[in-house]
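Computed over heavy atoms, backbone and side chain alike; hydrogens, waters and symmetry mates excluded. All residue numbers in this chain count up from 1 along the given sequence.
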Amino acid sequence: MALSVSPSLSFTQNFPRFVTSHSLPLSQCHPISFQTPPPKSIHYHPPRALREWQEYEEAVKKKDLATALRFLISIEKDNSDDSVEENGSLSTQSARSQIGDLGFFGGSVRDWGVLDTCLNADDMRLVGMAYEFLKAKGFLPNFGRFSSIVLDGARDIRPSVLKSSTGLEASKFSPKKWGLSGSSSVVLAGFLGGVSYLLQQGIDIRPQLAIILGLAFTDSIFLGGTCLAQISSYWPPYRRQILVHEAGHLLVAYLMGCPIRGVILDPIVAMQMGIQGQAGTQFWDENMNNEMAEGQLSGSTFDRYCMVLFAGTAAEALVYGDAEGGENDENLFRSISVLLQPPLSVAQMSNQARWSVLQSYNLLKWHRHAHRAAFKAMENGASLSVIIRKIEEAMSSNR
């Protein structure tokens, strides 16, 4: 069943030939001279294939997706050409073999680098093309492998069903407000108790406290809490929780066939890129983009989007038994739900959220090894291409 949505909502060279040298006919032979020619300086000219791959690597460094993808497509086109050339020239296949032996070609490894250029891409369709190109070459066998999962299972997910399926109360999947729940309430109580004790001892820290609170308020209003998030990100347990959360988003988006543009883990960079929250995983759903442009949103597309949206919360609940983050994900879910025609009621939104988080939870549980591989790669500061490769390696080794 298709859901109508408000139309105001928008989302955003041929391979080198090595020709044999032609010998001169005997009738044109010249007298042989024994005079020693003057020495000539030797200039090394790298093979054309090497120069082209260097250009590709330069495009990857510059995050130029269009140039890098165009090069890979041109190489793939050349691979489909006939291996035997006319006029007795060396075959293209033979030339590629020689270059591969020298380590210059290496396309099977270098092709992955195109994913690292996606972050700066303005055209998300190019990002989708990059994933489809690598999938067609057999590098991404698990990309979109579970896209049909949104058609499975019951739709009415009550809190009791969620608990029986996961062993966790529904409240464990809800984002926590700082100072009102979880360990943050204990920290807040301890802080207030410490301030009260210092005042009783005659140590007045209220002026300093007022300045700190003023700066925190300013950061919250004008910077969305970026400064506090930047400071908190240096605390290892907090940073690991962010990595677990974002690895959940990334893995579910990948398995559901949504191309990932990049993962932002630095709060300041996230703010500069217009991402709400302390970190973010940017993904793209072509079906959703096309359907929203037409003013219609199908149920399966909306389900897939919600699964990716709540995957971070599901990952935290799976690893820690409780979810702390995900407030911005929840806010985004609400903002989309009210724009549907007809808009979802509060009860429908709650059910949709529980259904989505349960689907993501199960998917991450089935592929816990792949989630951990993504987490470890992100923890080591790996690029997007390396993270995706680690996911594929983990998926293939556990079949």
Side-chain angles (χ1 to χ4, degrees), residues 9-12 119 170-182 184 216-233 235 238-253 256 258 260-285 288 292 302-320 322-340 343-344 346 349-350 352-357 359-361 364 374-375 378:
L9 183 61
S10 60
F11 291 91
T12 16
L119 186 59
S171 60
K172 298 296 184 180
F173 294 92
S174 300
K176 306 301 185 294
K177 302 292 184 181
W178 199 93
L180 300 178
S181 59
S184 62
F217 179 78
T218 303
D219 174 44
S220 176
I221 296 299
F222 296 101
L223 299 177
T226 300
C227 293
L228 180 60
Q230 185 71 47
I231 296 172
S232 301
S233 65
W235 188 39
Y238 181 77
R239 179 170 179 79
R240 283 195 295 270
Q241 187 170 359
I242 293 177
L243 295 177
V244 167
H245 186 101
E246 297 305 327
H249 282 306
L250 187 148
L251 179 58
V252 172
M256 298 300 292
C258 298
I260 298 127
R261 186 185 180 195
V263 181
I264 310 300
L265 300 174
D266 189 297
I268 293 180
V269 175
M271 179 191 67
Q272 293 173 343
M273 297 188 67
I275 299 174
Q276 294 183 353
Q278 303 150 5
T281 299
Q282 295 186 318
F283 66 97
W284 183 62
D285 190 330
M288 189 170 190
M292 296 299 293
F302 183 60
D303 287 341
R304 181 171 58 251
Y305 181 78
C306 291
M307 281 182 60
V308 179
L309 206 57
F310 284 102
T313 299
E316 287 191 51
L318 178 64
V319 174
Y320 298 107
D322 196 3
E324 294 283 342
E327 183 177 357
N328 288 295
D329 302 328
E330 195 174 78
N331 292 336
L332 182 56
F333 166 71
R334 288 198 187 99
S335 66
I336 296 175
S337 297
V338 298
L339 289 175
L340 297 174
L344 298 184
V346 174
M349 281 192 286
S350 298
Q352 178 70 31
R354 288 191 295 267
W355 181 89
S356 302
V357 78
Q359 293 285 332
S360 295
Y361 183 92
L364 292 170
F375 164 80
M378 293 166 64

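Nearest heavy atoms, Gly326 versus Thr313: CA-OG1, 3.9 Å. Taking all atoms of both residues into account, the shortest heavy-atom contact from Ile260 to Ala253 is CG1-CB, 4.1 Å. Across Ala317 and Phe173, no two heavy atoms sit closer than the pair CB-CE2, 3.4 Å. Heavy-atom minimum distance, Val338 versus Ser335: CG2-O, 3.3 Å. Looking at every heavy atom in both residues, Trp355 comes nearest to Met307 through CZ3-CG, 4.0 Å.
Taking the ring centroids of Phe310 and Tyr305, they lie at or beyond the 6.0 Å cut-off.
With sequence neighbours left out, the side chain to side chain donor-acceptor pair (under 3.5 Å) criterion links Asp303 to Arg155, Gln352. Residues passing the side-chain contact (heavy atoms from CB on, under 4.5 Å) test with Ser337 are Phe302, Phe333, Leu344, Met349, sequence neighbours excluded. Considering only residues two or more places apart in sequence or on other chains, Phe375 meets the ring pair (Phe, Tyr, Trp, His ring centres under 6.0 Å) condition with none of them. Under the salt bridge (Lys or Arg N to Asp or Glu O under 4.0 Å) criterion, Arg334 pairs with Glu330, sequence neighbours left out. For Ala311, the side-chain contact (heavy atoms from CB on, under 4.5 Å) partners are His249, Val252, Ser360, not counting sequence neighbours.
Atom CG of residue Leu332 and atom SG of residue Cys306 lie 9.0 Å apart, to the nearest 0.5 angstrom. Residue Thr281 holds its OG1 atom at 11.0 Å from CG of Leu309, rounded to the nearest 0.5 Å. The structure places CD of Glu324 at 11.5 Å from CD1 of Ile242, a figure rounded to the nearest 0.5 Å. The line from CG of Leu339 to CE of Met292 is 7.0 Å long, rounded to the nearest 0.5 Å.
Listed by first and then second residue, the salt bridge (Lys or Arg N to Asp or Glu O under 4.0 Å) pairs that reach into residues 304-320 are Asp285-Arg304, sequence neighbours excluded.
Using a 4.5 Å cut-off on side-chain heavy atoms (C-beta onward), Arg261 and Trp284 make no contact. A heavy-atom distance below 4.5 Å is found between the side chains of Leu119 and Ile264.
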